[in-house]
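Model, not experiment: these values are computed from the prediction.
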Amino acid sequence: MPSVVKINVLTVPDEQREVLEKRFASRAGSVEDSDGFEWFELLRPAEGTDQYLVYTRWRSEEDFQNWMATSMRGAHGGGEGGGGGGERPKPAASGSTLWSFEVVQQAAPKA
């Protein structure tokens with residue numbers, strides 16, 4: 001069964017870039033222990049767009065769906081300070097689209 005890749009495309013205004021990056025940094029480690037998780041990257045646009053890409057790779061679609069149904073809620077639920085009943089911070093992104101892919105070929109550097 002091939003791995004699956006999920007790319008969340010986030011539209012982030014210039015003034016919110018630092019906020020978005022700090023929020024991802026503050027939740028570092030929240031996905032790494034999830035069953036079936038294989039890889040994560042937050043990609044900052046270099047030029048010509050205001051869209052960040054949040055790249056994750058999973059062993060299977062089922063593993064991704066399980067994470068979405070459980071752990072993801074905690075990772076995205078309360079922002080800084082974690083859901084202590086306070087007001088949630090304003091979203092840094094103004095839009096979000098999820099792309100899904102199956103890995104059919106891959107390569108790594110030769111040893």
Side-chain angles (χ1 to χ4, degrees):
M1 180 186 316
S3 295
V4 295
V5 169
K6 301 294 182 173
I7 300 173
N8 195 1
V9 183
L10 302 174
T11 302
V12 182
D14 284 345
E15 65 274 9
Q16 290 295 315
R17 285 180 166 208
E18 187 176 344
V19 172
L20 178 87
E21 292 178 23
K22 283 182 178 178
R23 287 182 185 169
F24 270 93
S26 72
R27 57 174 273 302
S30 65
V31 71
E32 286 88 330
D33 291 329
S34 299
D35 191 40
F37 170 79
E38 296 179 349
W39 197 259
F40 162 86
E41 290 177 324
L42 175 62
L43 305 176
R44 176 193 304 137
E47 59 184 45
T49 185
D50 59 356
Q51 294 181 315
Y52 276 70
L53 301 180
V54 182
Y55 174 101
T56 57
R57 189 173 68 212
W58 298 86
R59 178 180 55 210
S60 70
E61 178 67 25
E62 180 181 10
D63 290 322
F64 173 74
Q65 293 299 332
N66 287 340
W67 177 74
M68 287 287 290
T70 58
S71 302
M72 189 276 294
R73 293 183 193 279
H76 292 84
E80 296 90 353
E87 193 173 311
R88 290 187 62 182
K90 177 184 173 198
S94 62
S96 173
T97 302
L98 184 64
W99 296 342
S100 299
F101 299 89
E102 289 183 349
V103 176
V104 294
Q105 290 186 19
Q106 60 186 15
K110 294 182 180 179

Can you measure from [atom1] ([X]) to [atom2] ([Y]) and round to the nearest 0.5 angstrom?
X	Y	atom1	atom2	answer
F24	S30	CZ	OG	9.0 Å
T70	Q65	OG1	CD	11.0 Å
S26	E21	OG	CD	12.0 Å
T97	N8	OG1	CG	7.5 Å

L53 and V9: CA distance, side-chain angles, deciding distance, side-chain contact (heavy atoms from CB on, under 4.5 Å) verdict:
CA-CA 5 Å; L53 301 180; V9 183; 3.7 Å; yes
Of all the heavy-atom pairs spanning P13 and A92, show the shortest one and how long it is.
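Taking every non-hydrogen atom into account, CD-O, 3.6 Å.
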Throw together a table of side-chain donor-acceptor distances under 3.5 angstrom for residues 34-43, partners on residues two or more places apart or in other chains.
{"residue": "S34", "atom": "OG", "partner": "V31", "partner atom": "O", "Å": "3.1"}
{"residue": "D35", "atom": "OD1", "partner": "R59", "partner atom": "NH2", "Å": "3.2"}
{"residue": "D35", "atom": "OD2", "partner": "R59", "partner atom": "NH2", "Å": "3.0"}
{"residue": "E38", "atom": "OE1", "partner": "S3", "partner atom": "OG", "Å": "2.8"}
{"residue": "E38", "atom": "OE1", "partner": "R57", "partner atom": "NE", "Å": "3.0"}
{"residue": "E38", "atom": "OE2", "partner": "S3", "partner atom": "OG", "Å": "3.3"}
{"residue": "W39", "atom": "NE1", "partner": "E41", "partner atom": "OE2", "Å": "3.3"}

Tell me which donor-acceptor pairs under 3.5 Å the side chains of residues 100-111 have, and how far apart each pair is, sequence neighbours excluded?
{"residue": "S100", "atom": "OG", "partner": "K6", "partner atom": "NZ", "Å": "2.7"}

Within the structure provided, determine whether P45 and R17 are in side-chain contact (heavy-atom separation under 4.5 Å).
yes
Flag yes if L98 and V5 sit in one hydrophobic cluster, no otherwise; membership is Ile, Leu, Val, Met, Phe, Trp, Tyr, and two members link when side-chain heavy atoms are under 4.5 Å apart.
no
